[in-house]
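Report on one structure; see the data block that follows.
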Amino acid sequence: MTRLLNNSIIPLFNYFEPSVIQSFFSIPLQAIFIYIGDLTMSTTKYREFNQLNLPTIEQEILAKWAENQAFEKSVSLREGAEPFVFYEGPPSANGMPGIHHVISRTLKDLVCRYKTMQGFQVKRKGGWDTHGLPVELGVEKELGITKEDIGKKISIVEYNQKCREAVLRYKDKWDELTTKMGYWVDLKNPYVTFENEYIETLWWCLKRLYEKGLLYKSVSIQPYSPAAGTGLSSHELNQPGTYKDVKDTSAVAMFKTAKNGDSQFLFDAAGNDEVFFLAWTTTPWTLPSNLGLTVGGNIDYVLVKTFNPYTHLPVNVVLAKNLIGKYFKPEGENGDFAGYTAETKLLPWQILAEFKGKQLEGLRYEQLLPYEANTPEKSGGDPFRVLVDSFVTTEDGTGIVHTAPAFGADDYKVGKKYGIGILTLVDREGKFVDGLGEFSHRYVKNYKDEQNYVDVNVDISVKLKKENRAFKVEKYEHSYPHCWRTDKPVLYYPLDAWFIKTTAVKDRMVELNKTINWKPKATGEGRFGNWLENMVDWNLSRSRYWGTPLPVWRTADGSEEKCIGSIEELNTEIRKANEVLGGDVNKHYLHDGILDLHKPYVDEVVLVSKDGKPMHREPDLIDVWFDSGAMPYAQWHYPFENKDAIEKGTAFPADFIAEGVDQTRGWFYTLHALGVMLFDNVAYKTVVSNGLVLDKNGNKMSKRLGNVVNPFETIGTFGADATRWYLITNASPWDSLKFDIEGIKEVQRKFFGTLYNTYQFFALYANVDGFAFKEAYIPIDQRPEIDKWILSSLQSLVKNVTENFNQYEPTLAGRLIEDFVDEQLSNWYVRLCRRRFWKGEYEHDKISAYQTLYECLETIARLMAPVSPFFSDWLFSNLNAVTGKVDETSVHHVLYPKAKEEFIDLGLEERMQLAQDASSLILSLRKKVNIKVRQPLQKVLIPVFNSSMKGQLQKVEDLIKTEVNVKEIQYLTDTEGFIKKKIKPNFQALGKKLGGKMKAAGVAIGQFTQEDIALLEKEGTYSLLIDNEPLILQLNEVEITSEDIPGWMVANKGILTVALDVTLTPELESEGNARELVNRIQKIRKDNGYELTDRIMVRLADSEFVKQSVSQFDEYIRTEILADKLELVDGLIDGTEIEVNDISLKIQVTKSIN
RNA sequence: AGAUCCGUAGCUCAGCCUGGUUAGAGCACUACACUGAUAAUGUAGGGGUCACCAGUUCAAAUCUGGUCGGGUCUACCA
């Protein structure tokens, strides 16, 4: 189905009507034709648009990609190039994708696109995780059955068929997201974990582990989910959200000490009254299975005389000394025993004896809850004794641990050591077995979501209370593991299971982990490192139906076993068994061999041992995490195919993988474990783990809270590019991201809007002038200063962006691009250069401007392509369609820019910064005195402190003058003497030298007079006394700035100070008016809807000030407004009324006729 | 309970590694301006005890220790 669908895309274009294509892609027809018309063919005009619409652009680009098979081409173009190996972590398609999938996939995509543009070949095989519990539970729910019904109400064949269908239920949605968000991954030939070939590789892996002695069977106490009916692996238990705070009924039970020689010392101290051991439990349901009490050997215990708070009977209890405070109040010590009644609130107590835990070892006690099912004989050991072990602490409870070997790993271990036997009084559904009186058949937790569930733990506690066997019963809130799928509490349960002995390679895993580049670093060292240090063997077994079967066959007595590593091997064994065992054995599989490696077929296969005994398959399935952990090999059907790809390093290990941080103990772990165990190698060289996506208030997104963001809506409304750009640039991928739609809007407006405007500006004028980059590339040294500058900045940008991408820091890279586009390119270069595009002839300077802006835009398109693949391709194609500079039809096929170091001129970038600062200061001064920029001013003074500063400023002088509309800049050196200066210590330099005297020096320097400063500047040094010690102050140990120029408007920023002459001469005013006139007429031109190039005729109502301006600036005005004629008319009646400096006049604008 | 990351303007984030004296940017808000790129842009303004406490230092948002709050993870925890 998968293949059919995807392979069909291309033929569709060829054979069907456009309307079919349209409905298939839900793309407006127009878009398809536009692109066919405008993008595939070269054209002479740059495309112009009314407004930016990212979603439309994206649809257009998607259609183009589909038509050109752009993704496939991006891989095939690099055939023979060095491979960059990427692994796609397989998603499970049985749930809807969410916005958090968009961030990790953006991350993966951008790295792959970047590396492709760096010249690597990046194959990206998609994949689907198809086995496992989520699928099974979904099917059970859908069919309204439980695990018990499988094989009864529904056959395993049918059930597995349902699973096979259900698992790709949302595949279409996933594919749609993949396409719409612009994630390039091979969806046509994905690896699918349920396919035979995939499973065959898994079997090969298992057999290899088996041969290395790393696969073994053992009984162990494991987390078990009665609700799901399966054991859980440690990584499943380590899924986020499994540990939840729950309130359980906890009980401190009283175990009655048996009187014998060993315990006599207790009874002596207690005056031969009853003595009880106090033991705490949060799971009273384990009490019937109690077989021991464990104490710490070196812990101090006490015997306390008191009353039972429920029955008010006098009792003597044993507990850890440190924990007395938990049960007794200090003021009750040695209290009034005689006067104690049921109403007494304060419990009197008295310590009768104190002893170490080891003195209690071997003491016996009476069984707490005896029934038919838990007689000592049934335990198979010698139960009801006090045991000693080191796991006991005095942080909680009583310091005496109730020990039920079946239901705790520690309990099992210590129980085995002492031989107290084992009782498993709860069945696999989570209910008590027969023979436990009133508790028989009751669920120990509410596994079935019964409305009227009565907590058996409460009933047990009540019973204990009544029988004088409970000392304290209370609700206790603690965190308890829950099944990650069913949300029901897990219990620990003795199970037979197959394990991978990961602990055997722990050291090697730790060692190799140190060679992995983790982003962020802390995850690898801390979270993953700690996890490796504390690793336990990997429990592979799952008692379910839909999954990879364990390929191990055993004789009934377990004396012989066989691990199968390939289909061929299995078929051979099948025939052999039939020959040896005869009859109907394997008769269904003799002819064609086995066709499906799943249950129930594999279970029907009987193999034969060396000595002719039948062997049956171990019934377990394996952990789905093994499926995904083995994907590097299984996706290529290694070693049955593609042997070299794995062994010669072209497909293993991965150069890069990325997933959510929640995969640290999941996929990242199993990949690593298998890489180390199978090939003694890392499975990936770099791993990026991204953080969670939270809602805008910082809460986790969950269906329950209803704050889940639908990625389709977001992408549909704002575009994939804006979404991707936002997700990447807002916060580092590994920080958790507070997702806010407003942020995407901002990105769209500020970054894409600005860049789009810049392109639009370019297209507008380039079309007028017919610029198609046909002229020779103008050497950089023949371009004006500002072109040199923007190109220098651009190359610095290329360099920095590349560095950041190489470091897997896309956030920083994106922010740099953003800054460049907004600050440098749009708001400085284009703004200052506007006139160059619309004025003058099409010659050197103008061509230089076009070439420069073109280069910037084209380079930006390439730089941003990894993060926002659509807009960049659109921009790139629009440009290239006219110039045809490169042959590739997509930005994703070209190479990433390489920084042209020779273009970088840091001095130039520095002085442009000076120009920007100076302009900003001057504009702020204009603002202060309320003089419009349109009004020319005569002069600016800038104090300079050295010749280099002056030189720098002089080179950008024209830019400043134009920008702020000032006629001249005058540089002041201190020889003029009327600058008021300010001096400040250079703390960094001086602090190191002076240390403790810094403060005093600071005060002294602050008191410098203008003369002192002048002296220091002249001499270069200055002597002063600090704390009666001489100090020779160097010029470089202070910062001297000009503070004020008396009589001038002054502003400063850092070292730069500007002073503005705000005197308005009639001359200047007249020029200002001329500019006002130009402005008004331009507005009228625009309102009238004239073309940029239309010539006009203007008639102005005559008046005094108009006469002044027009007579003086007639030519200037006419050039600006493209007027053939500008005349003053008396008594003009018709025309537009305008206002210039509070004077209104009439004006008439008409098109020239020619 | 431990580990780890985080806490800077109403919001999103820089700055912290390498301590240096007016703590920055964008958004939002207010006012004014500019504009043949115009749903853009500029200037100005309000808005911060850099979570808190202590220490080191001449000097702390920055280094150290602790406290509080939040996230994530771990845990045999009876």
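To find a chain, count down the sequence lines: A is the first, B the second, and so on, and within it residues start at 1.
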Report summary line: Considering only heavy side-chain atoms of R749(A), the closest of A40(B), A37(B), U41(B) is A40(B)
Query - Residue matched to U57(B) through Watson-Crick or wobble contacts both under 3.5 angstrom - result: none
Query raised in the report: K984(A) near the nucleic acid: base, sugar-phosphate alone, or nothing, with a heavy-atom cut-off under 4.0 Å?
Result: sugar-phosphate
Query raised in the report: Does the separation of the ring centres of F528(A) and F668(A) fall below 6.0 angstrom?
Result: no
Report task. Could you state the atom-to-atom distance from CZ of F761(A) to P of A37(B) in whole Å? Result -> 6 Å
Query raised in the report: Which part of the nucleic acid, if any, lies within contact of G991(A), taking any heavy atom under 4.0 Å across all strands shown: a base, the sugar-phosphate backbone alone, or nothing?
Result: base
Query - Shortest side-chain distance from N827(A), nucleotide among U41(B), G20(B), A78(B) - result: U41(B)
Query raised in the report: Roughly how many Å is it from CD in E818(A) to P in C13(B), rounded to a whole number?
Result: 13 Å
Query raised in the report: What about F820(A) and W828(A), are their ring centers closer than 6.0 Å?
Result: no
Requested in this report: Quick one: label F752(A) by what it contacts on the DNA or RNA (base, sugar-phosphate, nothing), any heavy atom closer than 4.0 Å.
Outcome: nothing
Report summary line: As its Watson-Crick or G-U partner within any shown strand, both distances under 3.5 Å, G48(B) has none
Report summary line: Per atom distances to the L923(A) side chain, the nearest of U21(B), G42(B), A40(B) is G42(B)
Query raised in the report: Of the nucleotides G26(B), A37(B), A78(B), which one has an atom closest to the side chain of E746(A)?
Result: G26(B)
Query raised in the report: With rounding to whole Å, what would you report as the distance between C6(B) and G10(B) at their P atoms?
Result: 22 Å
Report task. By nearest nucleotide on RNA chain B, pick out whichever of A989(A) and G397(A) is the more 5' one. Result -> A989(A)
Requested in this report: Considering only atom C1', compute the distance from A25(B) to A9(B) and round it to an integer number of Å.
Outcome: 11 Å
**Report entry** Base paired to A14(B) (Watson-Crick or G-U; both N/O distances under 3.5 angstrom)
**Finding:** none
Report summary line: From the candidates G20(B), A37(B), C27(B), the one with an atom nearest any side-chain atom of Q988(A) is G20(B)
Query - Out of A78(B), A37(B), U41(B), whichever nucleotide has its closest atom nearest the side chain of V401(A) - result: A78(B)
Report summary line: Across every strand shown, the nucleotide meeting Watson-Crick or G-U wobble geometry with U74(B) (both distances under 3.5 Å) is A1(B)
Query raised in the report: With a 4.5 Å limit on heavy-atom distance, are the side chains of V473(A) and L464(A) in contact?
Result: no
Query raised in the report: Do F771(A) and Y765(A) have their ring centres less than 6.0 Å from each other?
Result: no
Requested in this report: Please determine, for A33(B), whether a Watson-Crick or G-U wobble partner exists with both distances under 3.5 Å, and give it or none.
Outcome: U41(B)
